[in-house]
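Worksheet: the structure to be examined is printed underneath.
In this text the structure is predicted, and so the values were computed from the model without any measurement.
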Amino acid sequence: SLFEDILNEGLWSHTKQIHDLTVGYRLGPDGALTHFQRHFLILGQPNTTSYRIYPRIWTVLAHDAEPPAYLDDMTPDFDQAVDGLRLMRFAAPDAAEIRYDFYVRIEDAKVSVYQGDDVRPCTDFRLMRWWCPVRDWNHVGQRAIVIQDEWQSCIWQHPLAGWTTRAAYPGVTLGRRIVGEFAFSDEAAVAPGLEPVVFKVLIDGQTVLEQRTRREWGFRAFEIDTRGREGQTAEVAVETTAQRDGLRHFCWRGQVRSDDPGKPRARLPKPPVPAPGEPAIEDKKPAPATSPGHDQQGI
């Protein structure tokens with residue numbers, strides 16, 4: 001069907017994970033169904049920023065439905081009636097500023113755990129996660145967990161007691177800043193007497209950020225000024241450690257951006273949303289598929 005064509009050729013090729021659409025399989029090049037992800041962010045009725053990390057959001061609506069109010073500050077750039085449904089794509093006002101998204105590019109990461117000179121690489125990549133040795137449950141990758149009473153998508157990087165867990169992204173072209181945030185799951189955030197996690201960001205092996213988590217509910221933001229190396233290629237690595245690892249449900253997310261440090265999010269005026277059947281926005285065709293290295297890949 002046309003819907004399947006758009007889903008598999010347009011939407012899937014532009015994204016790494018589909019949200020607000022309950023699917024767990026996609027068609028492979030040979031037409032076979034391929035399982036790709038178990039976890040999905042169910043937006044429901046968000047009241048904070050659960051969707052704002054995404055440069056783009058696709059949504060499937062009833063044919064006569066209007067987009068939800070929580071997308072009011074995003075700009076529709078695709079709107080088409082498909083098989084009795086309304087398929088829309090929304091872009092954040094500052095999507096063009098995003099040069100690299102660590103969550104989206106998890107497949108590019110070189111993940112390992114190490115203890116002194118004992119380095120053990122994580123080479124098993126399944127379900128958008130790198131599965132690691134030492135503990136059979138240990139992995140680094142895309143997860144959806146409850147933070148501030150909402151499902152949030154982030155990079156799960158649960159530390160191991162006595163080990164450092166490292167996710168290194170080679171060949172990242174730096175912008176003017178790296179911004180991000182980290183958090184514990186709600187369950188872990190309120191548990192008494194648990195160990196803090198040391199969160200570090202390194203660029204080409206040099207520590208540029210080191211923070212020790214507190215017992216706090218919700219995300220804690222960070223920002224790294226990279227204007228001195230704008231345009232240069234570097235390895236960006238994130239490391240997590242903890243003395244004890246019980247209930248250290250820790251995750252993070254981040255982006256390389258081309259706007260200035262401290263700059264607030266842009267707010268652009270929205271064009272009117274065309275009704276289904278009216279002339280298309282930008283011909284109402286999906287955006288061209290982007291290569292894995294494209295600097296504006298989104299969710």
Side-chain angles (χ1 to χ4, degrees), residues 41 46 48-57 73-74 91-106 108-109 140 142-143 145 147-148 150 152-157 159 164-185 189 196-242 250-268 295-299:
L41 173 64
T48 59
T49 59
S50 57
Y51 63 96
R52 290 310 309 273
I53 66 164
Y54 306 116
R56 296 172 184 83
I57 290 179
D73 59 349
M74 303 187 83
D94 52 0
E97 307 290 353
I98 299 169
R99 293 290 173 255
Y100 193 98
D101 188 300
F102 296 101
Y103 174 88
V104 171
R105 302 290 289 274
I106 188 62
D108 297 342
V140 174
Q142 294 184 1
R143 286 283 297 267
I145 65 175
I147 300 172
Q148 290 182 291
E150 293 184 14
Q152 303 274 0
S153 290
C154 50
I155 298 171
W156 175 272
Q157 194 162 329
T164 297
T165 303
R166 176 181 174 88
Y169 292 78
V172 177
T173 301
L174 298 174
R176 299 180 68 78
R177 59 174 176 158
I178 297 173
V179 298
E181 52 194 355
F182 56 82
F184 289 118
S185 69
V197 171
V198 177
F199 174 80
K200 295 174 64 174
V201 180
L202 304 92
I203 297 179
D204 285 339
Q206 179 180 355
T207 300
V208 293
L209 177 79
E210 180 171 348
Q211 294 189 351
R212 188 180 178 90
T213 62
R214 301 185 293 265
R215 273 192 66 205
E216 55 188 340
W217 194 63
F219 280 105
R220 182 176 173 186
F222 66 88
E223 179 174 285
I224 300 165
D225 189 335
T226 57
R227 287 175 292 184
R229 295 196 58 182
E230 183 178 8
Q232 298 180 19
T233 301
E235 178 193 74
V236 179
V238 170
E239 296 185 349
T240 56
T241 56
F250 182 88
C251 77
W252 65 278
R253 54 199 186 195
Q255 298 171 337
V256 174
R257 299 179 61 93
S258 62
D259 48 1
D260 288 329
K263 180 180 177 181
R265 292 187 64 94
R267 301 282 175 161
L268 299 179
D295 63 9
Q296 293 183 27
Q297 280 192 328
I299 297 296

Whether the side chain of [X] engages the backbone of [Y] through a donor-acceptor N/O pair (distance < 3.5 Å, no angle test) should be reported.
| X | Y | answer |
| --- | --- | --- |
| Thr233 | Gly171 | no |
| Gln157 | Thr165 | yes |
| Gln142 | Ser153 | no |
| Arg220 | Trp217 | no |

To the nearest 0.5 Å, what is the distance between [atom1] ([X]) and [atom2] ([Y])?
| X | Y | atom1 | atom2 | answer |
| --- | --- | --- | --- | --- |
| Arg105 | Ile155 | CZ | CD1 | 12.0 Å |
| Arg212 | Thr241 | CZ | OG1 | 8.5 Å |
| Ile98 | Gln255 | CD1 | CD | 4.0 Å |
| Glu181 | Cys251 | CD | SG | 8.5 Å |
| Trp156 | Ile145 | CH2 | CD1 | 5.5 Å |

Return the minimal non-hydrogen interatomic distance between [X] and [Y], and the atom names on each side.
| X | Y | answer |
| --- | --- | --- |
| Gly218 | Gln148 | CA-CG, 3.4 Å |
| Gln232 | Gly228 | NE2-O, 4.0 Å |
| Ser258 | Ala96 | OG-O, 4.3 Å |

Should Phe102 and Val236 be marked as a side-chain contact (heavy atoms from CB on, under 4.5 Å) after you check the CA-CA gap, both sets of side-chain angles, and the distance that decides it?
CA-CA 10 Å; Phe102 296 101; Val236 179; 3.8 Å; yes

Determine whether Asp204 and Arg229 make a side-chain contact, defined as any pair of heavy atoms from C-beta on separated by less than 4.5 Å.
yes

Answer whether the closest heavy-atom distance between the side chains of Pro196 and Thr213 falls below 4.5 Å.
yes

Taking the six-membered ring for Trp, are Phe199 and Phe222 parallel (under 30°), tilted (30 to 60°) or perpendicular (over 60°)?
tilted

Please work out which of the three classes, parallel, tilted or perpendicular, describes the rings of Trp252 and Tyr169, given edges at 30° and 60°.
perpendicular

For Arg253 and Phe219, what are the C-alpha separation, side-chain angles and deciding distance, and is it a side-chain contact (heavy atoms from CB on, under 4.5 Å)?
CA-CA 10 Å; Arg253 54 199 186 195; Phe219 280 105; 3.3 Å; yes

With respect to Ile178, which candidate in Asp225, Ile203, Val208, Leu209 satisfies the side-chain contact (heavy atoms from CB on, under 4.5 Å) definition?
Ile203

Working for side-chain contact (heavy atoms from CB on, under 4.5 Å), residues Val256 and Thr173
CA-CA 8 Å; Val256 174; Thr173 301; over 6 Å; no

Got a salt bridge between Asp259 and Arg177, using NZ or NE/NH1/NH2 to carboxylate O under 4.0 Å?
yes

Intermediate values then yes/no, side-chain contact (heavy atoms from CB on, under 4.5 Å), Asp108 and Tyr100:
CA-CA 11 Å; Asp108 297 342; Tyr100 193 98; 3.7 Å; yes

As a quick check of understanding, evaluate salt bridge (Lys or Arg N to Asp or Glu O under 4.0 Å) for Glu230 and Arg176, giving each step before the final call.
CA-CA 6 Å; Glu230 183 178 8; Arg176 299 180 68 78; 2.8 Å; yes

Applying side-chain contact (heavy atoms from CB on, under 4.5 Å) to Thr207 and not counting sequence neighbours gives Lys200, Leu202, Glu210

